[in-house]
Number of protein chains: 2
Amino acid sequence: MRESTGGTRERIKAVALELFTEQGYEKTSLREIAERLNVTKAALYYHFKSKDDIVASFVEDRLEQMDALTAWADSQPATLATRRALISRYADTMFGGDMPSVMRFFEQNQTVLKSLSSGQQMRGRMMRLASALCRGDDSPAAQLRATLSLFAVHTSWFAVRAPGISDGERRRLALEVADELLAAIGAEPDEDSASTSTAGARG
Amino acid sequence: MRESTGGTRERIKAVALELFTEQGYEKTSLREIAERLNVTKAALYYHFKSKDDIVASFVEDRLEQMDALTAWADSQPATLATRRALISRYADTMFGGDMPSVMRFFEQNQTVLKSLSSGQQMRGRMMRLASALCRGDDSPAAQLRATLSLFAVHTSWFAVRAPGISDGERRRLALEVADELLAAIGAEPDEDSASTSTAGARG
DNA sequence: GTCTATACAGCGATAGAC
DNA sequence: GTCTATCGCTGTATAGAC
């Protein structure tokens, strides 16, 4: 390992992630982070180029995770079973996995992440995941359903207001609703869903 | 009318809404707004108590709009038809209505609005709308479905990446998916959806 | 290589003059 | 109703101690 002084860099990451998630990126100052670690603001600048760079540091791992997820999906047949397995694996990374906290941070800081480069990368990965979820059906309805199924996983964290509900139940609930959305992808359109179908060429 | 100098207050509101939506609340400075109006920062403080207060000013109208929507829903029978009519009216305020721009601002600034008082009010109204959407079925699944149906309306703005798709088509699409989600509310559970059942094993 | 001290321009906000 | 001047704070940058 490269940290020689007891992993100050890792401690910064941990505290920053906690504070950013709790009170938001913009409302958390570097002074606040530094004080919590009993160092000065400037010390942070030895370990990170900027405030944004702190975010980038703990987003990178997550990017690789999502890339792996997308790559796996693309190697599977474009069936409902694959879609369901994909959303289930995605839920694993949100609920049980090694870093659900990073995703909570992301969910909490959507706005500011739009202007952060790492946020835009994350956004791109999200869209690619949604694309993987509706492979074989690039209709607008399928795109919307795929995106909403990802949202179901995110939303189950705060939308469900039940007294003593557990994380496991939230996960199961999210997948139940997500599965229904995914089941409607790839099915033949029973209505006039033709509309503007210029049959977009997708890469 | 109360504006004597040509409606400076209204001009501030208009410029602020535009900039906040375009580049985000935190990344827009009062100096930027003031310069655009050829006044100084301090002049803004005659018209508004704070930066937050500018947001509150154009959020208030929207709150009343949502209150009216919720009140109407509560006066109707708790049927699927009511739910569908409600989400349709909601989509009207997002797409065709008088101020879709305010909603776009909201969608763009979710994070910061969590700490703004007007944002919390808005959040509360959103939850009440979701509650109205699942009246008669307070199961966790129903709450999740109701929330997602609102998200379907929001999400259709950016999740659907089709070349020349129109606002009307986005609206129709959003309602198609939302209707499916709403149809599953209040229906008798055909599975082991017995709420607190600890049987979470899904494969 | 790790950190402190110090400085800077810009921020939201306030006080008081015109 | 709008100004100038100022406050404490922010993210960022650099010089230099160990």
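Quick note on labels: first sequence line is chain A, next is B, and so on, each numbered from 1.
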Nucleotide D:dT12, atom P - distance to OH of A:Tyr46 in whole Å: 19 Å
Closer than 4.0 Å, any side-chain N/O of A:His47 to the OP1 or OP2 of C:dC3? yes
Separation of atom CD1 in A:Ile33 from atom P in D:dT12, rounded to whole Å: 11 Å
N/O donor-acceptor pair under 3.5 Å between A:Ser156 side chain and A:Arg171 backbone: no
Looking at every heavy atom in both A:Leu133 and A:Arg83, which two are closest together, and how far apart are they? O-CD, 2.6 Å
Nearest heavy-atom pair of A:Ala146 and A:Ala130: which atoms, and what distance? CB-O, 3.4 Å
Sequence neighbours excluded, the answer for side chain to side chain donor-acceptor pair (under 3.5 Å) partners of B:Arg135 is none
Strand-adjacent residues in residues 15-24 of chain A, judged by heavy atoms under 4.0 Å from DNA chain C: none
Side chain to side chain donor-acceptor pair (under 3.5 Å) filter on B:Gln76, not counting sequence neighbours, yields none
Measure from CG on A:Leu44 to P on D:dT14 and round the result to the nearest Å. 17 Å
Could you tell me how far apart B:Lys27 (NZ) and C:dG10 (P) are, to the nearest whole angstrom? 15 Å
What string of B, S and - do you get for nucleotides 11-18 of chain C 5' to 3' if you count protein non-hydrogen atoms under 4.0 Å? SBBB----
Only one of A:Phe106, A:Phe48, A:Phe105 passes side chain to side chain contact (heavy atoms under 4.5 Å, CB included) with A:Val55, and that residue is A:Phe105
Rounded to 10 degrees, the angle between the two terminal axes of the helix from C:dG1-D:dC18 to C:dC18-D:dG1, each from five pairs: 10°
To check you understand the geometry: which heavy-atom pair defines the closest contact between A:Leu144 and B:Ala152, and what is its length? CD1-O, 4.1 Å
A:Glu169 side chain to A:Ser166 main-chain N or O, any donor-acceptor pair under 3.5 Å? yes
Is A:Lys51 reaching over with its side chain to a backbone N or O of A:Thr28, donor-acceptor style, under 3.5 angstrom? yes
Write out all pairs satisfying ring pair (Phe, Tyr, Trp, His ring centres under 6.0 Å) with one or both partners inside residues 113-151 of chain B, taking only residues at least two apart or from two chains. A:Phe151-B:Phe151
Starting from C1' on C:dT2, measure out to CD1 on A:Ile12 and report it in whole angstrom. 11 Å
Which of A:Arg36, A:Lys13, A:Gln23 passes side chain to side chain contact (heavy atoms under 4.5 Å, CB included) with A:Glu18? It is A:Arg36
Can you find a side chain N or O atom of A:Thr40 that sits less than 4.0 Å from OP1 or OP2 on C:dC3? no
Report yes if at least one side-chain N or O of A:Thr8 is closer than 4.0 Å to OP1 or OP2 of C:dT2; otherwise report no. no
